[in-house]
Amino acid sequence: MTISPTYRFIRVLQYTWKMDLLIFFSCVMVYYVDTYIIERFFILPPIIPTVLGPAIAFFVGFNNNQAYDRWWEARKIWGALVNDSRTWARNVLCYVIPAEDDTQTELMKQQMVKRHIAFIYALKTALRPQNDVTYRKYLSDEELGLIESHSNMHNAVLLLQSRDLETLSRMGYIDGFRYLELNKMLVAFTDSMGMAERIKNTVFPTIYIFFTKAFIWLFTIMITMVCSREIGLWSIVMGSIVGSVFHITHFNGQTLMDPFSTLTTSMPLNQISRTIEINLLEMLGEKDIPAPVKPINNEYVM
Amino acid sequence: MTISPTYRFIRVLQYTWKMDLLIFFSCVMVYYVDTYIIERFFILPPIIPTVLGPAIAFFVGFNNNQAYDRWWEARKIWGALVNDSRTWARNVLCYVIPAEDDTQTELMKQQMVKRHIAFIYALKTALRPQNDVTYRKYLSDEELGLIESHSNMHNAVLLLQSRDLETLSRMGYIDGFRYLELNKMLVAFTDSMGMAERIKNTVFPTIYIFFTKAFIWLFTIMITMVCSREIGLWSIVMGSIVGSVFHITHFNGQTLMDPFSTLTTSMPLNQISRTIEINLLEMLGEKDIPAPVKPINNEYVM
Amino acid sequence: MTISPTYRFIRVLQYTWKMDLLIFFSCVMVYYVDTYIIERFFILPPIIPTVLGPAIAFFVGFNNNQAYDRWWEARKIWGALVNDSRTWARNVLCYVIPAEDDTQTELMKQQMVKRHIAFIYALKTALRPQNDVTYRKYLSDEELGLIESHSNMHNAVLLLQSRDLETLSRMGYIDGFRYLELNKMLVAFTDSMGMAERIKNTVFPTIYIFFTKAFIWLFTIMITMVCSREIGLWSIVMGSIVGSVFHITHFNGQTLMDPFSTLTTSMPLNQISRTIEINLLEMLGEKDIPAPVKPINNEYVM
Amino acid sequence: MTISPTYRFIRVLQYTWKMDLLIFFSCVMVYYVDTYIIERFFILPPIIPTVLGPAIAFFVGFNNNQAYDRWWEARKIWGALVNDSRTWARNVLCYVIPAEDDTQTELMKQQMVKRHIAFIYALKTALRPQNDVTYRKYLSDEELGLIESHSNMHNAVLLLQSRDLETLSRMGYIDGFRYLELNKMLVAFTDSMGMAERIKNTVFPTIYIFFTKAFIWLFTIMITMVCSREIGLWSIVMGSIVGSVFHITHFNGQTLMDPFSTLTTSMPLNQISRTIEINLLEMLGEKDIPAPVKPINNEYVM
Amino acid sequence: MTISPTYRFIRVLQYTWKMDLLIFFSCVMVYYVDTYIIERFFILPPIIPTVLGPAIAFFVGFNNNQAYDRWWEARKIWGALVNDSRTWARNVLCYVIPAEDDTQTELMKQQMVKRHIAFIYALKTALRPQNDVTYRKYLSDEELGLIESHSNMHNAVLLLQSRDLETLSRMGYIDGFRYLELNKMLVAFTDSMGMAERIKNTVFPTIYIFFTKAFIWLFTIMITMVCSREIGLWSIVMGSIVGSVFHITHFNGQTLMDPFSTLTTSMPLNQISRTIEINLLEMLGEKDIPAPVKPINNEYVM
């Protein structure tokens with residue numbers, strides 16, 4: 001996710017140069033085809049791009065609105081994971097109080113918090129195609145064996161949490177009311193993980209993006225054609241400029257459509273996972289706490 | 001649901017050729033009627049399509065926005081079914097612990113999870129007009145008899161689940177708190193099934209679609225007429241192009257309005273049902289697990 | 001609610017002929033007033049309707065968006081009533097298990113389900129001005145007397161349900177947890193009925209509709225005036241066409257603003273109530289089950 | 001809140017005459033300043049108002065959309081208060097059953113329902129600047145003394161309700177489950193009152209309204225200037241008409257921004273409070289029930 | 001947050017003078033560059049700004065819509081904190097009733113309410129970069145030591161609250177049902193604090209703002225160029241005016257994007273925290289109650 005509120009000019013070029021060149025050379029081609037071939041037959045009436053312009057701007061605007069909503073929904077899901085993780089840890093730590101010499105239950109409590117860190121990292125790895133195996137650090141070998149046999153590892157972690165919760169309940173360490181509250185958190189984790197998977201697995205309707213892009217190209221071509229009679233070669237510049245405004249705006253929307261990818265606008269999953277890790281380890285009173293994730297170039301954080 | 005983020009050109013033609021031809025021949029007709037009949041009486045002033053263009057684009061945009069919302073709501077409902085199915089299975093498996101030799105209760109637990117797979121498939125069959133009877137596989141003959149006598153089969157499955165839940169409760173295998181949590185899931189399934197039925201059974205207001213389509217045709221005709229004086233026969237091409245932009249955009253919206261149909265943009269009900277089936281069988285520790293649903297042509301998944 | 005995805009042309013005329021005629025004759029009048037009176041003084045500059053057009057389209061678009069949201073919210077409320085009714089019946093039937101020869105409690109259970117059908121019909125009658133007294137069928141004479149003395153009959157039905165719930169609880173047929181779940185449904189019914197009443201009783205801000213309509217008339221007049229110099233009498237046709245596009249779109253929105261009326265676009269309250277009735281009677285195992293509500297002309301269902 | 005779906009023409013003048021005159025005289029002034037001073041220097045190019053028009057319409061549209069959302073949110077909050085008040089009364093009446101001769105508890109129950117009416121009226125008085133002290137009628141002197149010493153009277157009423165609920169619980173009249181349900185309602189009242197206060201106390205961002213209004217004036221002036229060369233004095237009329245469309249639309253939005261004021265478009269707090277009062281008194285079986293609030297001139301209800 | 005519904009003209013200049021000057025001098029530069037250099041090569045066709053204008057207005061409108069949504073969401077979060085704080089205090093005070101001479105538990109109750117004030121102030125300090133240490137006032141030295149050792153102080157306060165809640169529960173002062181309700185509030189505080197942190201830490205997508213701003217500059221330049229031939233030097237004025245409309249509107253949106261900053265449009269965190277403080281101290285019956293936060297210049301409140 002971008003964290004810098006300003007934007008360096010060099011990034012604009014890095015970000016758009018391919019598109020800029022493509023638009024420019026298309027406009028060059030359009031200019032020559034129009035001037036030497038099409039104009040023999042007809043001159044494009046200016047009314048055509050004039051009525052298409054606002055219409056296409058409109059469709060781009062709606063597309064981007066929906067892309068932003070996806071992005072913000074993804075952010076909310078991971079925000080909820082942060083909140084619920086803190087609640088989980090607080091509840092496990094404060095509401096399960098074993099007898100003084102009962103180290104086994106004490107260890108079980110700690111493991112239930114640490115295993116949750118594993119859940120977060122396993123979910124992160126499933127959502128974003130980076131081979132991060134930090135989750136292994138917070139699981140015993142036995143647990144790892146069991147979990148890695150499942151196709152959906154993060155779901156399997158929750159199964160272990162439920163089993164431990166049941167054990168604590170049967171051992172009398174938690175009563176029904178505390179059971180309710182702890183189980184509610186497991187349900188919340190199931191929901192958040194399912195919602196994140198839904199966003200990851202649901203491609204934004206391809207036909208929308210395809211045709212909107214096609215219509216923007218059409219519009220770029222027409223603007224170049226309409227200007228070519230009046231201002232000659234400069235129509236290439238004008239066509240490129242107008243085309244860029246539409247193309248870049250549409251492209252900006254697309255960078256938000258896939259919020260768990262590795263673009264600079266994507267969700268900072270590494271950072272959020274680390275924040276949860278730090279919060280939970282602090283609550284456990286651990287000494288060896290990892291450093292927060294650093295932004296890259298002070299521009300974005302992954 | 002489309003899964004490929006790119007779109008092959010051949011698909012565009014397959015997808016739009018009927019509409020393209022219809023628009024083209026309408027424009028041809030408009031051109032000749034305009035040139036040989038209407039122009040004797042009057043020339044259409046360009047201001048007319050100029051003011052209609054953005055207005056119609058606007059109405060199309062709002063329509064599509066609402067169509068997208070329906071589609072996304074349908075996706076959320078089935079996402080919730082995935083989450084709640086996992087929670088149901090996890091809770092049934094972890095929180096109901098029969099005595100060691102009580103195979104009957106053990107079987108009952110397993111049946112409550114399998115019967116849920118039947119619920120998912122029965123709901124899928126009710127929503128999408130494909131004769132899929134996979135749900136039969138996960139029900140006993142007795143249950144099948146009872147369920148198929150109901151007009152609403154998936155609702156009848158939930159009735160059976162409630163009965164088993166009550167039995168487990170009376171037998172003392174679950175206490176009030178666990179009863180609450182399990183019953184909450186049955187309520188969630190009732191809600192999700194009702195919400196999916198609501199979307200399926202509520203036709204998007206026909207007058208909206210009808211008139212928006214009619215206005216787009218009107219606009220296509222007018223653009224052709226307005227250009228015909230200036231560029232002659234080429235007005236047919238221009239009219240077709242502008243008309244297509246509006247028609248295709250409107251049409252794209254319509255493909256999202258009915259998210260449980262068998263269009264390529266529809267919800268991947270087969271795939272989601274299979275995912276739930278696999279997840280739940282894995283949690284049961286079954287060996288014989290079906291393969292995930294494969295995408296068709298790497299383009300879409302049903 | 002319209003159920004046919006297509007729209008017969010005859011309906012368009014039936015639906016719009018009054019408005020069409022009114023627009024037409026207004027344009028005729030405008031034409032003559034403009035040509036013989038106004039043009040002596042000044043010619044309307046085309047820029048005026050050009051800037052007004054998109055603005056008014058915009059305001060109409062937003063209005064219709066809000067109308068659609070009201071309509072969809074109404075649909076959701078009745079969808080929730082369907083879901084919660086099924087949950088109510090399932091819970092009452094499965095979770096209250098009287099001793100074998102306790103016919104009184106058995107009858108009480110059945111009455112709690114039937115009385116809920118009465119609630120649905122009483123609510124329907126309160127929302128839509130049709131004198132439907134089906135609710136009487138599912139109430140005893142004593143209950144009828146009590147309920148019809150209240151100004152808000154459906155609220156009074158819920159009072160009876162609460163009393164029976166309390167009785168069942170005191171008789172020991174339901175424990176606290178089941179009480180919670182059943183009471184939650186009564187709260188949900190109170191909420192749904194209040195939400196439906198809110199939509200029925202809140203007139204969409206009149207000034208919005210009034211002025212938007214006034215501005216559309218203004219726009220229709222101006223378009224006719226602007227065309228009259230250029231194309232003479234044909235400006236009447238053009239003014240009518242452009243005016244119709246805006247008027248019909250606005251009018252379409254208005255048909256959704258009052259979702260509990262008796263328009264063909266209104267909520268199918270009869271059908272939904274009947275569906276709940278059938279579902280609940282089937283769950284009770286009754287033999288004498290009414291037929292579903294039939295659509296009218298295959299076009300809409302009430 | 002307006003209740004009449006039609007709008008009398010006289011109201012339009014009453015509603016807009018000040019604004020109409022202001023616009024008219026501004027246009028007069030603009031005309032003379034433009035003709036005698038500005039035109040010596042330059043003629044305003046028509047492209048300027050042409051590009052400003054849709055932009056400003058857009059900003060007005062978004063503003064109004066947000067204003068409508070505030071208004072509808074306010075309506076939902078008071079709708080929720082109606083629903084929850086009924087649930088509160090139903091639960092208190094049905095679920096607390098004192099011994100037959102225990103008149104004190106019976107009175108306490110009745111007081112808990114009546115005190116809720118006081119809560120509603122106290123909240124209403126806090127939201128709308130009318131000196132309505134109906135809440136005094138439903139409180140004992142002792143309660144009044146305590147409550148009026150708080151800066152936030154309605155919050156203090158809830159404190160009393162909580163105390164009585166605790167007393168009932170300690171006396172054994174309600175068990176934990178009923179306690180849960182009743183307390184949930186007190187939480188809901190706290191939430192609704194806080195949400196209403198939030199809307200009342202949060203001024204819609206002033207800069208939005210200020211600049212949108214300023215831009216509409218700018219646009220009105222420019223339209224007058226652009227027309228003045230072509231149609232002379234009549235530009236005053238045209239400028240006034242176009243200006244009015246934008247000004248009135250913006251103004252309509254503003255009447256919705258402050259939903260607890262005493263405008264005719266505001267929430268009918270008097271009516272809703274009275275409805276709750278009547279409903280609750282009927283449920284208590286009282287004889288002396290006040291009449292519903294009457295609409296004023298059949299046009300609106302406060 | 002601005003509280004005055006009117007806006008003094010002097011503020012407009014204070015608010016925009018930098019931007020106004022920048023726009024003005026850019027237009028001056030554009031004018032001379034265009035007149036003496038660019039016009040030798042080509043004259044910008046008016047169609048270019050005409051098609052760009054509505055498109056850019058659209059993108060600005062959507063941006064501002066999303067900014068407003070962020071702002072309103074932030075307001076809702078702090079509104080929820082107010083509601084939940086009152087509920088927390090009411091529940092702690094009414095539902096925990098120690099024996100008459102048990103001053104320790106009485107003190108514990110009071111401390112649980114006061115510590116919540118510390119939570120609110122600690123959260124405020126974390127969200128807004130002002131060195132406010134009011135939270136210290138409501139914590140014992142021991143608590144302060146513990147809390148200030150955490151990186152996330154407000155989260156640590158909740159940990160203390162949970163511990164005290166557990167202690168009260170073990171001492172038998174609250175039963176399971178009351179435990180549920182009190183714990184639910186702690187979960188709500190965790191959620192609200194996480195949601196506020198999410199908004200603070202998520203920069204609105206920089207590329208959106210950057211490119212929208214760049215496109216507005218492009219548009220300003222083009223409007224100046226298009227007018228320069230027709231009206232000479234006055235094109236500087238016209239370019240500045242049109243540019244300002246777009247720039248100011250975009251800028252207004254940006255002031256809402258960061259609702260926890262120290263702009264005059266930001267959330268009145270000081271005021272809301274103080275309101276909670278006053279409410280809770282009144283409920284505790286304290287004498288020494290701080291005064292409400294005063295607005296600054298009657299214009300805004302922090």
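In what follows, chains are A, B, ... by sequence order, proteins preceding strands, each numbered from 1.
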If you tally heavy-atom pairs under 4.5 Å between each of Y208(E), Y179(E), F177(E), F204(E) and chain A, the highest tally belongs to Y179(E)

The interface call for P268(A) against chain E, heavy-atom contacts under 4.5 Å, is neither

Ranked by heavy-atom pairs below 4.5 Å to chain A, first place among D69(E), I43(E), L159(E), T167(E) goes to L159(E)

Okay, V82(A) and chain E: the region with an atom under 4.5 Å from a heavy atom over there is neither

d(T87(A) OG1, D191(E) CG) to nearest 0.5 Å is 6.0 Å

Heavy-atom closest pair (R178(A) atom, S169(E) atom, distance to 0.1 Å) is NH2-OG, 2.6 Å

Under 4.5 Å to a heavy atom of chain E? For S235(A) that would be neither

* To do: Please test N252(A) against F211(E) for side chain to side chain contact (heavy atoms under 4.5 Å, CB included), starting from the C-alpha separation and ending with a verdict.
  => CA-CA 9 Å; N252(A) 282 347; F211(E) 282 107; 3.5 Å; yes

Next item on the list: May I have the step-by-step check of side chain to side chain contact (heavy atoms under 4.5 Å, CB included) for N65(A) and Q66(E), ending in yes or no?
Entry: CA-CA 8 Å; N65(A) 211 26; Q66(E) 285 148 358; 2.8 Å; yes

Comparing I209(E), L158(E), N201(E) against chain A, the one with the most heavy-atom pairs below 4.5 Å turns out to be L158(E)

Margin query: Please determine whether a side-chain nitrogen of the Lys or Arg among E166(E) and R90(A) lies less than 4.0 Å from a carboxylate oxygen of the Asp or Glu.
Written below: no

Cut-off 4.5 Å, heavy atoms of chain A, and the answer for F41(E) is both

| query | Is there a side-chain contact between E73(E) and W72(A), using heavy atoms and a 4.5 Å cut-off? | reply | yes

Counting heavy-atom pairs under 4.5 angstrom with chain A, the leader among V51(E), T206(E), I47(E), N63(E) is T206(E)

- Atom CD of Q14(A) with >12 non-hydrogen neighbours under 6.0 angstrom: yes

Looking only at heavy atoms, the pair that brings F59(E) and V60(A) closest together is CE2-CG1, 4.1 Å

Cut-off 4.5 Å, heavy atoms of chain E, and the answer for T265(A) is side chain

F215(E) vs T249(A) side-chain heavy atoms within contact, under 4.5 Å:
yes

Discussion item. Is the distance between the ring centroids of F62(E) and Y68(A) under 6.0 Å?
Written reply: no

**Prompt:** Is E197(E) salt-bridged to R75(A), going by a charged N under 4.0 Å from an acidic O?
**Reply:** no

Step through the shown structure and confirm whether more than 12 heavy atoms of other residues, nucleotides or ligands are within 6.0 Å of NZ on K213(E).
no

Both conditions, 6.0 Å and 45 degrees, for the charged tip of R198(E) above the ring of W78(A): are they met here? no

Of the listed N183(E), I56(E), I199(E), D175(E), the one with the largest count of heavy-atom pairs under 4.5 Å with chain A is N183(E)

Okay, M257(E) and chain A: the region with an atom under 4.5 Å from a heavy atom over there is neither

Next item on the list: Step by step, work out the side-chain hydrogen bond (donor to acceptor under 3.5 Å, both in side chains) result for E282(A) and N152(E).
Entry: CA-CA 10 Å; E282(A) 273 187 2; N152(E) 187 328; over 6 Å; no

Turns out that what part of T275(A) lies under 4.5 Å from chain E's heavy atoms comes down to neither

Of all heavy-atom pairs linking G194(E) and R86(A), the shortest is CA-NH1, 4.4 Å

The interface call for L52(E) against chain A, heavy-atom contacts under 4.5 Å, is side chain

Given G61(E), P54(E), S151(E), the one with more heavy-atom pairs under 4.5 angstrom with chain A than any other is S151(E)

- Task: Show your working on side chain to side chain contact (heavy atoms under 4.5 Å, CB included) between I48(E) and I241(A) and close with a plain yes or no.
- Result: CA-CA 9 Å; I48(E) 302 285; I241(A) 288 176; 5.9 Å; no

